[in-house]
Undergrad: 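Structure provided below as structure tokens; questions to follow.
If you're wondering where the values come from, they're calculated on a predicted model, not measured in any experiment. Below, chain A is the first sequence line, B the second, and so on; all start at residue 1.
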Protein chains: 2
Amino acid sequence: MKPLHHPSIDTIPYTKVLHALSEPNRLRIIRCLRESGENNCSTYSLELMLNKSTVSHHIKILREAGLIKGRIEGKEHYYSLRKDEIEQKFPGLLSSVFAVKDEDL
Amino acid sequence: MKPLHHPSIDTIPYTKVLHALSEPNRLRIIRCLRESGENNCSTYSLELMLNKSTVSHHIKILREAGLIKGRIEGKEHYYSLRKDEIEQKFPGLLSSVFAVKDEDL
DNA sequence: CTTTTAGTTTGATGGTTATCGAACTATAAA
DNA sequence: TTTATAGTTCGATAACCATCAAACTAAAAG
């Protein structure tokens with residue numbers, strides 16, 4: 001069980017964050033995390049109707065872009081938004097993401 | 001000389017806009033347009049050290065994502081930001097783009 | 001200990017993208 | 001009319017990406 005790596009926000013280019021957010025399923029994951037605070041992968045496999053390996057892939061990209069952080073509890077992985085850090089480094093970005101209407105994704 | 005097509009902002013998904021902005025050279029073009037108001041392609045060929053066909057490609061993606069509009073004058077094409085429309089549809093997004101420091105792109 | 005459950009990793013596939021050079025179009029200049 | 005200039009389009013290439021299934025890892029349940 002290797003621990004999850006969470007990059008320092010300072011090392012992450014803005015374009016990398018935008019790229020992570022520019023995939024519709026990943027954007028849905030981020031928006032879902034705002035509502036629920038914390039979720040695990042099986043939640044998204046169900047909600048997005050994606051294979052679990054695909055979800056794992058998207059989660060990894062979001063994590064490496066500094067957008068989410070993970071916590072392992074038993075055999076479940078829980079993820080949450082790195083809200084304050086992102087807001088500190090890239091002010092207004094997450095507000096913009098959450099302001100968008102579902103039908104405009 | 002077929003006229004340039006500018007899609008209505010209402011037809012453009014947020015993820016498409018993010019994707020257009022997630023490429024560093026395209027993001028530089030957008031940020032440059034904020035400063036200068038209007039520019040043509042040769043400006044960017046020089047500034048970004050890219051082949052003119054590559055610049056043309058990026059400009060097209062930005063235009064089709066609803067971010068810029070073009071005006072043809074003689075043999076030069078001038079581009080400008082669709083600032084107000086974007087701000088109306090996706091509030092805060094452009095502010096976030098302009099708030100980023102050059103070294104964090 | 002065996003089985004189930006949650007998730008990652010790997011390999012493959014089909015699609016997309018950034019880049020360039022060459023050919024093309026259209027306007028302006030000589 | 002010939003030439004130069006600004007930009008688009010096309011074709012090719014190499015890299016990247018979203019997706020899935022299969023194999024793997026680790027923890028919980030039986």
Undergrad: Any side-chain N or O of A/Ser56 under 4.0 Å from OP1/OP2 of C/dT8?
TA: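 Answer yes for this pair, as a side-chain N or O of A/Ser56 is under 4.0 Å from OP1 or OP2.
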Undergrad: In plain terms, say whether A/Arg31 and A/Asp102 are close enough for a salt bridge, that is, a side-chain N and a carboxylate O under 4.0 Å apart.
TA: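 Counted as a salt bridge, because a side-chain N and a carboxylate O are separated by less than 4.0 Å.
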Undergrad: Does a salt bridge link A/Lys83 with A/Glu85, judged by any charged N lying under 4.0 Å from a carboxylate O?
TA: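 Between A/Glu85 and A/Lys83 there is no salt bridge, as every charged N stays at least 4.0 Å from the carboxylate O atoms.
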Undergrad: Tell me: CD of B/Glu76 to P of C/dT27, nearest whole Å?
TA: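 Checked: the CD to P distance equals 13 Å.
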Undergrad: Counting heavy atoms from C-beta on, name the nucleotide in C/dT9, C/dT5, D/dT8 closest to the side chain of A/Lys75.
TA: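 Of the options given, the side chain of A/Lys75 lies nearest C/dT5.
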Undergrad: Taking CG from B/Asn25 and C1' from C/dC20, how many angstroms apart are they, rounded to a whole number?
TA: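 So the two atoms are 14 Å apart, to the nearest Å.
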Undergrad: Have a look at A/Tyr79 and say if it touches a base, only the backbone sugar-phosphate, or nothing, with a 4.0 Å heavy-atom cut-off.
TA: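 The residue A/Tyr79 makes sugar-phosphate contact but no base contact.
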Undergrad: Please give, in whole Å, the distance from C/dT17 P to B/Ile59 CD1?
TA: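 It works out to 17 Å between those atoms.
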Undergrad: Specify the separation, in whole Å, of atom CG of A/Asn40 and atom C1' of C/dA6.
TA: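 Taking CG of A/Asn40 and C1' of C/dA6, I get 8 Å after rounding.
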Undergrad: Does A/Glu38 come within less than 4.0 Å of A/Arg71, counting only side-chain N to carboxylate O?
TA: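 Yes, A/Glu38 and A/Arg71 are salt-bridged.
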Undergrad: Report yes or no: is there a donor-acceptor pair, N or O only, under 3.5 Å between the side chain of B/Lys52 and the base of D/dG7?
TA: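 Answer yes: a donor N or O sits under 3.5 Å from an acceptor.
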Undergrad: Return the 5'-most residue of the pair B/Arg63, A/Glu73 with respect to DNA chain D, ranking by each residue's nearest nucleotide.
TA: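 Comparing both residues, the 5'-ward one is B/Arg63.
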Undergrad: For DNA chain C, what residues of residues 17-24 of chain B have any heavy atom nearer than 4.0 Å?
TA: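 Output list: B/His19, B/Glu23.
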Undergrad: When you match B/Ile61 and B/Ser53 each to their closest nucleotide on DNA chain C, which lands nearer the 5' end?
TA: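 Whichever sits nearer the 5' end wins; that is B/Ile61.
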Undergrad: Could you tell me the separation between the CG atom of A/Asn51 and the P atom of C/dT8, rounded to a whole number of Å?
TA: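 Rounded to the whole Å, the gap is 12 Å.
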Undergrad: Determine whether the side chains of B/Thr54 and B/Asn51 contain a donor N or O and an acceptor N or O closer than 3.5 Å.
TA: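 There is no such pair between these side chains.
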Undergrad: With heavy-atom distances below 4.5 Å as the criterion, would you say the side chains of A/Ile61 and A/His57 are in contact?
TA: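 Yes, their side chains come closer than 4.5 Å.
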Undergrad: Could you check A/Ile30 against A/Arg26 for side-chain contact (heavy atoms from CB on, under 4.5 Å), going step by step and ending with a plain yes or no?
TA: CA-CA 6 Å; A/Ile30 292 295; A/Arg26 288 197 292 261; 5.7 Å; no
Undergrad: From OH of B/Tyr44 over to P of C/dC20, roughly how many Å is that when rounded to an integer?
TA: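 After rounding, the gap between these two atoms is 18 Å.
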Undergrad: Out of D/dA18, C/dA18, C/dA6, which nucleotide sits closest to the side chain of B/His58?
TA: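 That would be C/dA18.
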Undergrad: Please list all pairs meeting ring pair (Phe, Tyr, Trp, His ring centres under 6.0 Å) that have one or both residues in residues 3-55 of chain A, counting only residues at least two apart or in different chains.
TA: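 Those involving residues 3-55 of chain A are A/Tyr14-A/Phe90.
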Undergrad: Report the nucleotide, chosen from C/dA18, C/dT9, D/dA21, that has the shortest atom-to-atom distance to any side-chain atom of B/Arg26.
TA: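 The nucleotide sitting nearest to the side chain is C/dA18.
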Undergrad: Expressed in angstrom and rounded to an integer, what is the separation of B/His77 atom NE2 from C/dA28 atom P?
TA: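 Taking NE2 of B/His77 and P of C/dA28, I get 11 Å after rounding.
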Undergrad: Rounded off to whole Å, could you give me the CG-to-C1' distance for the B/Leu46 and D/dA6 pair?
TA: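 Roughly 12 Å, once rounded to whole Å.
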